[in-house]
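The chains referred to below are lettered A, B, ... by the order of the sequence lines, with proteins before strands, and numbering in each begins at 1.
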Amino acid sequence: MSTIAPVTPIARASERLSPDKCLQIYDLMLRARVLEERLITMYKQGDGYFWIGGPGEEAFNVPLGLLVDKGQGVDHDYLHLHYRSSATLLAMGADPVDSLRQMKNTATDPYSRGRNFAGHYSMRKWNVAPVSSPIEVQYSIAIGTAMAQRKAKGISIVQGGDAGTAEGDFATALVWSSRKGCELPLLMIVTNNRWGISTSYEGQHGYEQIAERGRAFGMPVTVVDGNDPEASYEALEKAIDYVRTEKKPYLLEAMVSRLRGHSSASGANFVKNEVDCLEEWEKKLEARGLISRAEMAAKRDQITNELAEASKRVRSEPQPEGSNIWDYVFADKNIVAGEE
Amino acid sequence: MSTIAPVTPIARASERLSPDKCLQIYDLMLRARVLEERLITMYKQGDGYFWIGGPGEEAFNVPLGLLVDKGQGVDHDYLHLHYRSSATLLAMGADPVDSLRQMKNTATDPYSRGRNFAGHYSMRKWNVAPVSSPIEVQYSIAIGTAMAQRKAKGISIVQGGDAGTAEGDFATALVWSSRKGCELPLLMIVTNNRWGISTSYEGQHGYEQIAERGRAFGMPVTVVDGNDPEASYEALEKAIDYVRTEKKPYLLEAMVSRLRGHSSASGANFVKNEVDCLEEWEKKLEARGLISRAEMAAKRDQITNELAEASKRVRSEPQPEGSNIWDYVFADKNIVAGEE
Amino acid sequence: MATMIQAIRMALHVGESRLGVTDIFGEDVGAPLGGVFTGTQGLETAWNTPLDERGIVGTAIGLALAGQKPVAEIQFCDYAFNTIDLLKLAGNTYWSSGGDWNVPMVLMTPVGAGIRGSLYHSHSFDAQATRIPGWKIVMPSTPRDAYGLLLSAIQDPNPVMFLMPKALLRMKGAPGEIPGEPEDERTLNQMIDAPLGDRSAWKPTWPSLEDLFIPIGKARIAREGSRVTVITYGRNVPMALAAAEELAGEGQGIDAEIIDLRSLHPYDWDAITASVRKTNRVLCVNEDTEITNFGEHLIRRIAEELFYELYAPPKLLAGAHIPGIGLADNLERASVPQKESIRAAIAELAAHEP
Amino acid sequence: MATMIQAIRMALHVGESRLGVTDIFGEDVGAPLGGVFTGTQGLETAWNTPLDERGIVGTAIGLALAGQKPVAEIQFCDYAFNTIDLLKLAGNTYWSSGGDWNVPMVLMTPVGAGIRGSLYHSHSFDAQATRIPGWKIVMPSTPRDAYGLLLSAIQDPNPVMFLMPKALLRMKGAPGEIPGEPEDERTLNQMIDAPLGDRSAWKPTWPSLEDLFIPIGKARIAREGSRVTVITYGRNVPMALAAAEELAGEGQGIDAEIIDLRSLHPYDWDAITASVRKTNRVLCVNEDTEITNFGEHLIRRIAEELFYELYAPPKLLAGAHIPGIGLADNLERASVPQKESIRAAIAELAAHEP
Ligand SMILES: Cc1ncc(C[n+]2csc(CCOP(=O)(O)OP(=O)(O)O)c2C)c(N)n1
Ligand SMILES: Cc1ncc(C[n+]2csc(CCOP(=O)(O)OP(=O)(O)O)c2C)c(N)n1
Ligand SMILES: [Mg+2]
Ligand SMILES: [Mg+2]
């Protein structure tokens, strides 16, 4: 990662989380990884039409899920995520089987009722706004939830990829969140894997790090090694704390890997030339004597088997009916405002 | 102008242009001012439906018009202007009577055939792209002409207001023009009068000067006192020279006045609490002994009379016919590519 | 006797004072101007946004998701065309989340020609808007309907677009038609119109306005008639009425029924059906450009479902399919329906015998 | 035997090698991928843009103004809805400048359902596109038409939109239908398809392709028939043909004429008129959502101008008016016309007697 500019030094961490926290993070990273592998298998076996997800982002996304103030309404944190956020959801406590349901587009898929692609979460009870496919629009929408939180306890957190920052919506979030005297409690996260679909970071940007773009707007910016869960945890803690306390925006860029290519459209095979955060974390935990290789293998086997079983069950869950297309066109209650 | 941040010091000039140049600039500034006054009078007398224009920007826009490499095709400069650019056009040599024609929406209006508002210029023979009402789209379009000029002699110059920089298109121009290894010869100008229509600069921006936004993209940025024609001339000369020589982008912010409010919708009356660049320039020229008050008054009278006469003549020029709406829907020749 | 723009302002006041409206925002919507058409003068929750329509729509969606009740304005609908993707998103969020999140926002925007607005202050938005599923679309032609439709829009749990026919914004209603408005026009003006000049100390005095919820989806029969049905909305309603009155006055038995649709989506198919069954001749009038026009939807459906009721070819009178509306008066008049062209179309249809 | 996507690639090659195309660009259009559907593999002037559709369209306009010949791609039409204002601007520049500047650009974008693309890879764009005056809009249903329409689009001095029906991109044409293509399918693949794996050293070998300019504005009678006219385009053309063949095979005298419009604006009114006068029954089929749909324009015009020719109510078969196309197969199939629904609609129309 020699390209990281010295002006925004990457935050790195040494051993600083408690053994329990380290193992909790490991457990969640592993679950997230195995879930994505299961989804890819489902796709390859014809149990789904398309896969996109977050293998390679677990070391950052798990800490994010753990640090969020989870709940409903302005006094909790709103999350405006993208399609690589499974690890965040799992860390928050989501049921991985629901992800299988969305992959298999069953009627039981709680996120979209068989309508949307895998990884397109929606959980109003935890303030997780619906993930939508168009890149970067979440940055414009996050302004609104953050504005509703100017006097509340919660903050808004928005996340997207590196290539997407070229969209005007990224600038919109910078402009609207930093207006003098009207700053918004908005944490903007860019998960930088140095790829668009097939377009590499090189030649597409005029700066070393995207975080630079926040400086002009007077907001704190940090670049963190998103392959290191401890560094990520600390950087996120600091950023979230700043936004929550100061009620002002913050731009955090996390350098991450893309371990299975862009999506099933590019094969979803494992790539060997990127850092695998899970492997690195396993090495560290072993070195620290927190968990043995055998225990890791057993854990992985167990989760793998659980999900393999679950995917079989999901196969027999009902598909939506054609006539369901007419459901949920118009609401007759204002549920987001608490109407039952 | 105490709000100007020290980080991008405003460029100021002392006596540095030749007496001839000073007088030429004065002549053009005066012509531009009197033209706008005539347009406002026409509006007030019912000889037009709407006025918008550039009184207060002459000290910057005249030097711009003088410094442009005027001509047709990629080896000359493309101009992507907005609706306050009359002084630039006059300095380039445009006939002010054509502006009266557009105000009166006559069939003879060469810029739009009676279709568009005053100040919406279009002159292919001088690379002046059509001015269009939507704010900031010119920043996205200017990328294209600049890209066509990567190996040509000309550069592209795009200009817009301060409030409009909140649109994503401004960020688009920053992103696309500064890509490493693919930099574009694009001069971006923000004419900052500290107003949207009725919305003041305060509370809408997270930085002192808009020019700050260029820094992250690694481009040179300058803020210039746009009420001073000498400072403007020098800053423009420097910026244009950089873009032409380096074939790279540059962001120039000019602090200007808005002397007649936003448009006829807000009355178009003279405001007293802003610096009048013409008045200031007259004081300087008098102090330097370059022209006397009497000569100035005579000059102004003469131009005023000429335009008053012209506006009478324009009144009798034909209006477009209703059936003309069907003209110019589709081109049958590729005129921009030189087809005759 | 309120004007339409006063009626809108009063509805917004009712919205923020007792229907939960938390934010009214857009370019130049807040003090000192209160909107380029004065629609938001004196409102407590009105504020000025950056000049960024995508930010405006995005913010409205986000506020709505957070349980607030935003009313966002796009200054002219001509400047909403860089936000269509966000409007589509607002319209599909309830559906794509399988009923998890509704998006209770109101978007208001002035539309249409008639003020010599040239290319970018004359656009219509009805064809574009009706193409965005998940939105309700309303458009008043009287101050009373403006008041009542806006209150309904605010109360609706879905995204609702409130299209303001800009040529009618200064049109006055009948005295007392807005429940609670003062009898007298000047009294109202003194209470709620901002003074010219310095307004920093000014505050409006609001009349005690009463509720009026005009149901979304219900048309208004603006004129009963028997020979031809005219389906229209917004600016073309008073034009069509005037044309119908002229024709009726001539005693040739040309008696047109004018349906003011008011609600473009969902729309009042029952009212249309009943009228077409009665008159057997139908004309749709609107200003948007002719190709892929909302009136064409109505005519297509009528032709498909009421074919055997028709004594004459159904007819559309719409904006010319050209890239813009020109500034010169001749150009504007030739571009969108006028009273004369409506009158001629009604007369032509009326001449058809079964 | 080229596929449609190969035909497109070959047309772009002809464009850059002898029709003056200077830039072919969009997201992932350049090396190494050459487009998400391989449409731009191996082209000399293809390059990758930032992920910013507004920048893509703006750049294309600017390049065109500077006398270049840009071909821009929006990766999926689903992502073009934040650029409608810029598309409108491209369409109005020649008109608003009174003929001073034309804008010779081509915009290509994949459209439509049929690949289980869920909400954001299934959109249609024909209704939206035909609402933007100043643009020419074409949409092929065969590889040959794709080749010939794209060459015409490149040669046209106006902005032209080339809509690519994504469900047909791998469809093969008849041998030799593209003038100059090799006889044999495998030969062509070896010449112009990038290899799997590392492609850094690969270069295509282009066949000696000949000109084929299919005129914009001319429909193709995809099947002659006498009883019902089906007006359609893109993905629905082979579907309608299959439905017509099935019906014809049943010997009930249901003989449908299929008009492949090819050019949506301007469109071939003469072909439509001639066919409707012959069959007296008309069906329009397309995938875009039903309300304010381009097929509704065609039906409205037919109902208005050819009313007395019709023996049956004109019919539209279009996408359901809902906020998106769902991923599950049942949802997708229920959302857009299928062979079965086209067949049923033709049969229903055919049953009407004068
Ligand atoms: C507005 C929009 N344009 C294009 C696409 C197609 N697309 C999907 S993902 C992607 C690349 C995104 O790259 P980045 O933002 O870096 O996120 P990453 O996938 O690398 O996490 C593109 C171009 C889209 N989904 N939305
Ligand atoms: C996209 C768009 N939104 C809104 C408007 C309406 N409008 C016209 S001028 C203006 C203010 C522009 O302010 P600024 O960019 O600072 O330029 P200035 O007029 O001050 O020179 C607005 C909001 C517009 N023309 N285009
Ligand atoms: Mg990326
Ligand atoms: Mg300004």
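Atom CG of D/L119 sits about 9.0 Å away from atom CZ of A/F117, to the nearest 0.5 Å. Taking OG from A/S200 and CG from D/N48, the interatomic distance works out to 8.5 Å, rounded to the nearest 0.5 Å. One distance of note links CD of D/E332 with CG of A/N105; it measures 10.5 Å at 0.5 Å rounding.
Within a 6.0 Å sphere centred on CD of D/E44, other residues, nucleotides and ligands contribute 12 heavy atoms or fewer. Heavy atoms from other residues, nucleotides or ligands lying under 6.0 Å from NZ of A/K333 number 12 at most.
Within the 4.5 angstrom heavy-atom criterion, no atom of D/D78 approaches chain A. Contacts of D/P50 with chain A are made by both backbone and side-chain atoms, with heavy-atom separations under 4.5 Å. In this structure, the portions of D/R116 lying under 4.5 Å from any heavy atom of chain A include both its backbone and its side chain. For A/A265, no part lies under 4.5 angstrom from a heavy atom of chain D. Heavy-atom distances place the backbone of D/I325, and not its side chain, under 4.5 Å from chain A.
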Between A/Y49 and D/D329, does a side-chain contact (heavy atoms from CB on, under 4.5 Å) hold up when you go through it step by step? CA-CA 10 Å; A/Y49 300 120; D/D329 195 43; 3.4 Å; yes
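The residue among A/G196, A/P320, A/G164 with the most heavy atom pairs within less than 4.5 Å of chain D is A/P320. Counting heavy-atom pairs under 4.5 Å between each of D/D28, D/L33, D/D52 and chain A puts D/D28 at the top. Annotation: maximal heavy-atom pairing with chain D below 4.5 Å, among A/D109, A/I325, A/N324, A/V329, occurs at A/I325.
In this structure a side-chain-to-backbone donor-acceptor pair under 3.5 Å is missing from D/E53 to A/E167. A donor-acceptor pair is defined here as one N or O able to donate and one able to accept, closer than 3.5 Å; no such pair exists between the side chain of D/N330 and the backbone of A/E321. In this structure a side-chain-to-backbone donor-acceptor pair under 3.5 Å is missing from A/N116 to D/L327. Between the A/T199 side chain and the D/T49 main chain, no donor and acceptor come within less than 3.5 Å of each other.
Between A/P134 and D/Y120, the closest side-chain pair of non-hydrogen atoms falls below 4.5 Å. A heavy-atom distance below 4.5 Å is not found between the side chains of D/H121 and A/F50. For the pair D/L331 and A/R115, the minimum side-chain heavy-atom distance is below 4.5 Å.
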